[in-house]
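Data block below; observations after.
The chain is numbered in sequence order, starting from 1. Computed over heavy atoms, backbone and side chain alike; hydrogens, waters and symmetry mates excluded.
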Amino acid sequence: MLQKAFVIIKKEESDESVEKVTPIKEIIIMASGPIFSFMAAFLALILSYYIEGNFKRLVVAFAILSFATFINTAIPHRYKSRNKYLNGIKSDGLVIKEILRKNKEKSV
């Protein structure tokens, strides 16, 4: 069964018991997905040099898929309607770009 799982950071000013999410923490949270995908691709490519046979092909395919995932999540964009579950959802790169833009506007 396919389940939808998205992390939404909700900010409420009235709740004093919850630690406030600073822009730096929010950027770290949003960047962790693309960073993990890049690290998985890099480690899989390193591993592929030390193995042979059909398993090497599988590891290289995993590295390519992980790198494609990194690119897809790091580039700022909204997901298109070809996937009904992701339609209109912001990529991690777009969320980070918006956080940086808001911070820049606040500091000016």
Problem set entry | Over 12 foreign heavy atoms within 6.0 Å of OH, Y79 | yes
For this session: Flag yes if more than 12 heavy atoms outside K102 fall under 6.0 Å of its NZ atom; otherwise flag no.
Result: no
Distance (rounded to the nearest 0.5 Å) between [X] [atom1] and [Y] [atom2]:
X   : Y    : atom1 : atom2 : result
I35 : M30  : CD1   : CE    : 11.5 Å
F62 : T69  : CZ    : OG1   : 8.5 Å
S66 : I71  : OG    : CD1   : 12.0 Å
I24 : I29  : CD1   : CD1   : 11.5 Å
T73 : F36  : OG1   : CZ    : 12.0 Å
E26 : L100 : CD    : CG    : 10.5 Å

Spell out, as yes or no, whether a donor-acceptor pair under 3.5 Å connects the side chain of [X] to the backbone of [Y].
X   : Y   : value
S48 : L45 : yes
R78 : G88 : yes
S91 : H77 : yes

For this session: Can you see which heavy atom on P34 is nearest to which on F70, and at what distance?
Result: O-CD1, 3.1 Å
Exercise. Shortest non-hydrogen contact from K90 to E98?
Worked result: NZ-OE1, 2.8 Å
For this session: State, yes or no, whether a side-chain contact exists between L94 and I75 at a heavy-atom distance under 4.5 Å.
Result: no
Exercise. Does the side chain of N54 come within less than 4.5 Å of R57's, by heavy atoms?
Worked result: yes
For this session: Kindly work out whether a path of hydrophobic side-chain contacts (I/L/V/M/F/W/Y, heavy atoms less than 4.5 Å apart) joins L58 to I64.
Result: no
Exercise. Quick one: do Y50 and F42 end up in the same hydrophobic cluster if we chain Ile, Leu, Val, Met, Phe, Trp and Tyr together by side-chain heavy atoms under 4.5 Å apart?
Worked result: yes
Exercise. Given F55 and V59, is the side-chain contact (heavy atoms from CB on, under 4.5 Å) satisfied, shown in steps?
Worked result: CA-CA 6 Å; F55 188 63; V59 172; 3.7 Å; yes
